[in-house]
Amino acid sequence: MEPNFFERVYAIARQIPEGKVTSYGAIAKALGTARSARMVGWAMNASHNIEDIPAHRVVNRTGLLSGKHHFEGTNLMQQLLESEGIKVIDNQIVDFEKHFWTPEVE
């Protein structure tokens, strides 16, 4: 991976509209590195000290809040999503397809 891979991930994450979510894989695909969903996850985990990155809007391909343990507190990721009008039950986004945002391919 090139050194600015994380920055490219963050550039896409910053575009996710409020009330929408996307997946690690969708970001990887938009970057032209479809097999690097795990690297996108690492980038998101590393982003928690960067204020303007809405990491809570990036979930796994089925709408599961797979990164929630990287947020402070037990339910912060869910609370952030719910404050944007996204319903979450058992760490799973309800109506995932309705809330899904597809990043533009570079």
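- Between the NE2 atom of His99 and the OG1 atom of Thr22 there is a distance of 13.5 Å, given to the nearest 0.5 Å.
- Residues Ala55 and Phe71 come closest through the heavy atom pair C-CZ, 3.8 Å.
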Item to complete: Please test Ile12 against Leu31 for side chain to side chain contact (heavy atoms under 4.5 Å, CB included), starting from the C-alpha separation and ending with a verdict.
Response: CA-CA 9 Å; Ile12 290 179; Leu31 292 174; 3.6 Å; yes
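- Between Met39 and Phe5, the closest heavy-atom pair is CB-CE2, 3.5 Å.
- Using a distance-only test at 3.5 Å, with no hydrogens or angles considered, no donor-acceptor pair links the side chain of Asn75 to the main chain of Gln78.
- When every heavy atom of Phe100 is checked against every heavy atom of Ser23, the shortest pair comes out as CE1-N, 3.6 Å.
- One finds the NE2 atom of His69 at 14.0 Å from the CG atom of Leu76 (value rounded to the nearest 0.5 Å).
- Criterion: ILVMFWY side-chain heavy atoms under 4.5 Å apart, direct or through other members. Under it, Met77 and Trp42 are not part of a common hydrophobic cluster.
- With Lys20 contributing its side chain and Lys98 its backbone, the two residues share a donor-acceptor pair below 3.5 Å.
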Side-chain donor-acceptor distances from residues 84-96 under 3.5 Å, at least two apart:
from: Glu84; atom 1: OE1; to: Gly19; atom 2: N; distance (Å): 2.9
from: Glu84; atom 1: OE1; to: Arg57; atom 2: NE; distance (Å): 3.0
from: Glu84; atom 1: OE2; to: His56; atom 2: NE2; distance (Å): 2.9
from: Glu84; atom 1: OE2; to: Arg57; atom 2: NE; distance (Å): 3.2
from: Glu84; atom 1: OE2; to: Arg57; atom 2: NH2; distance (Å): 2.7
from: Asn91; atom 1: OD1; to: Lys68; atom 2: NZ; distance (Å): 3.3
from: Gln92; atom 1: NE2; to: Thr62; atom 2: O; distance (Å): 2.4

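- Nearest heavy atoms, Ile50 versus Tyr10: CD1-CE1, 3.7 Å.
- Atom-to-atom distance recorded for Ser47:OG and Asp52:CG is 9.5 Å, nearest 0.5 angstrom.
- Here the side chain of Tyr24 pairs no donor or acceptor atom with the backbone of Ser36 at under 3.5 angstrom.
- Rounding to the nearest 0.5 Å gives a distance of 8.5 Å between CG of Leu65 and CG of Asn60.
- Open room surrounds CZ on Arg38; 12 or fewer heavy atoms of other groups in view lie less than 6.0 Å from it.
- If you take CE on Met44 and CD1 on Ile27, they are separated by 6.0 Å, rounding to the nearest 0.5 Å.
- In this structure, the side chains of Val58 and Ile16 come closer than 4.5 Å at one or more pairs of heavy atoms.
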